[in-house]
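Quick notes on the structure that follows.
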Amino acid sequence: MKKADIGLIGLAVMGENLVMNMESRGYSVCVYNRTTEKVTDFIEGRAKGKNIFGADSLEELVAGLSVPRKVMLMIKAGKPVDDYIDALIPLLSPGDIIIDGGNTHYPDTTRRTKYVESKGLLLIGTGVSGGEEGALKGPSIMPGGSKGAWEHVKPIFQSIAAKVEDGIACCDWVGSDGAGHYVKMIHNGIEYGDMQLICEAYFLMKEYLSLSADEMYEVFKSWNTGELDSYLIEITGNIFARKDDDGTPLVEKILDTAGQKGTGKWTSVASLDEGVPLTLISEAVYSRYLSAMKDKRVYASKVLAGPHPTGKFTGDKAAFIEDIRQALFASKIISYAQGFALMRATSEKYCWNLNYGDIAMLWRGGCIIRSSFLSNIKDAFDANPNLDNLLIDPYFCNAIAKAQDSWRRVCAAAITHGVAISAFSSALAYYDGYRTARLPANLLQAQRDYFGAHTYERVDKPRGEMYHTNWLET
Ligand code: NBP
């Protein structure tokens with residue numbers, strides 16, 4: 001019997017759709033699921049008549065695969081992945097490949113790569129982005145792990161991945177160890193930031209400018225034709241157009257408590273570990289936490305005073321909407337600048353040799369943060385592969401210079417009128433901090449030396465020479 005090109009374990013939304021995608025590209029797939037009834041349902045349902053075969057056990061799955069065997073896990077991240085790896089190792093042969101396509105935390109992939117390689121096998125830990133629709137029609141795929149596995153998996157992955165207009169697949173090798181899952185984690189963090197920025201723009205338009213959902217639909221439609229052109233801007237416009245059964249905007253019926261699965265938090269924690277500011281994404285994570293404190297906020301709204309004046313906007317609305325657009329664009333640049341700076345620090349630490357321009361291209365299609373803006377990032381790293389911070393690139397430097405008056409007007413108005421815009425304002429604070437040659441940390445060093453004899457460097461002496469003062473001595 002002819003063997004299948006690849007095996008897949010995990011027939012939930014993502015797994016099933018990836019299998020359908022692979023089969024539609026000419027690959028035969030053998031499938032297995034812990035709850036084996038799902039295998040039967042799938043084979044007799046969506047997969048009927050297709051080049052997809054079911055297995056009732058892991059042994060049957062492995063026996064049905066061509067060599068080197070490729071087994072992809074599309075299951076809940078965490079212990080189930082370790083359990084399947086341990087169950088598969090005795091069934092596989094040297095050179096066979098295990099692929100983890102779930103939302104795994106990158107240190108787990110680094111650990112598993114070493115473990116699987118020590119058994120003579122290869123492991124790919126890959127980010128898959130784009131949700132269930134992406135999985136079916138073309139996701140963004142970010143593989144890392146055992147480099148030797150890539151040549152065997154590349155044709156399948158690149159054929160199922162999203163393609164951008166020039167036909168380039170949004171899938172390429174990212175780096176060793178957990179690099180693929182790391183880049184997916186950064187993607188998710190950036191997604192948190194992009195979403196929060198859009199929510200703050202909406203909040204200003206609703207609370208301060210008193211725009212209707214229909215008016216905001218028009219604003220987002222026009223924004224999607226310019227610098228902000230992106231999937232998230234597009235779907236946000238569509239959300240404003242959606243009415244509930246009573247004809248009112250559905251979005252206003254939705255409870256304001258945000259959920260999360262934790263990948264934004266991982267990104268923030270990674271930034272603290274590396275000592276790289278990631279203020280915008282971290283604010284986006286905190287904003288979700290704050291939103292979840294609904295009862296406390298409702299209580300506080302009745303007892304905590306707001307600013308005066310609290311009145312509504314009376315000026316030129318179109319001009320202020322343009323200010324918001326510029327503020328969103330400038331803040332978005334900050335978010336990506338911080339995300340890429342964090343990737344650089346981590347890449348250097350683990351010797352991953354990440355290619356930042358190529359990573360931007362992986363996100364051009366298929367995934368949630370896809371946008372035209374990513375081409376500008378690719379151009380920036382093509383022009384200078386050693387670019388330390390995107391803000392220094394001429395395009396982004398000029399874009400922020402152009403946007404900053406609007407950005408400051410928006411933050412000032414929001415602060416004056418008490419509209420919470422933590423991502424816009426923290427982005428501006430980072431920008432002002434990053435462009436300041438002399439910060440007040442001289443005083444901070446003096447304080448540390450005063451109470452803890454932590455010593456300090458002097459501006460009039462070579463770097464590295466440490467000084468201590470007995471501050472109480474007169
Ligand atoms: P889920 O994350 O809901 O996982 C469902 C699958 O995991 C089923 O096959 C289930 O088997 C299996 N599973 C579970 Br749950 N616990 C298990 C255990 N203890 N042992 C063995 N198998 C177990 O599915 P999904 O939403 O399709 O996502 C799959 C992976 O892709 C996840 O890691 C997810 O984070 C990631 N991801 C999801 C999306 C998305 O938009 N949903 C996007 C990108 C990445 P059962 O049928 O027997 O319960």
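Whatever order the structure lists them in is the order used to number ligands and atoms, beginning at 1.
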Minimum-distance protein heavy atom relative to [atom]:
atom                    : answer
atom 45 (C) of ligand 1 : Val128 O, 3.7 Å
atom 32 (C) of ligand 1 : Ile75 O, 3.2 Å
atom 24 (O) of ligand 1 : Ala12 CB, 3.3 Å
atom 27 (O) of ligand 1 : Met14 N, 2.9 Å
atom 41 (O) of ligand 1 : Gly131 CA, 3.4 Å
atom 26 (O) of ligand 1 : Val13 CG2, 3.6 Å
atom 34 (C) of ligand 1 : Asn103 N, 4.1 Å
atom 18 (C) of ligand 1 : Arg34 NH1, 3.1 Å

Heavy atom under 4.0 Å from ligand 1: found in Asn33's side chain, backbone, both, or neither? side chain
Check each heavy atom of Lys38 against ligand 1 and say whether those closer than 4.0 Å belong to the side chain, the backbone, both or neither. side chain
Give a yes/no on ligand 1: does Ser129 have at least one heavy atom closer than 4.0 angstrom to it? no
Count the heavy atoms of every other residue, nucleotide or ligand shown that sit under 6.0 Å from [atom1] of [X], and state whether that count exceeds 12.
X      : atom1 : value
Glu132 : CD    : no
Lys137 : NZ    : no
Tyr217 : OH    : no
Tyr286 : OH    : no

Under a 4.0 angstrom heavy-atom cut-off, which atoms of ligand 1 come close to [X]?
X     : answer
Pro80 : 17 (C), 18 (C), 19 (N), 20 (N)
Ala77 : 33 (O)
Leu11 : 9 (O)
Gly10 : 9 (O)

In a check of side chain to side chain donor-acceptor pair (under 3.5 Å) between His181 and each of Thr263, Thr126, Thr109, which one passes? Thr109
Per side chain to side chain donor-acceptor pair (under 3.5 Å), Asp96 is matched among Lys70, His152, Arg69 by Arg69
What orientation do Phe329 and Phe373 show, parallel under 30°, tilted 30 to 60°, or perpendicular over 60°? perpendicular
Nearest to atom 15 (Br) of ligand 1 by heavy atom, Met74, Lys76, Glu16, Lys184: which? Lys76
Run Ser176 and Lys147 through side-chain contact (heavy atoms from CB on, under 4.5 Å) and show every step you take. CA-CA 6 Å; Ser176 59; Lys147 180 80 196 279; over 6 Å; no
Which heavy atom of Tyr431 sits nearest to which heavy atom of Leu391, and what is that distance? CD1-CD1, 4.4 Å
Of all the heavy-atom pairs spanning Gly226 and Ser372, show the shortest one and how long it is. O-OG, 4.2 Å
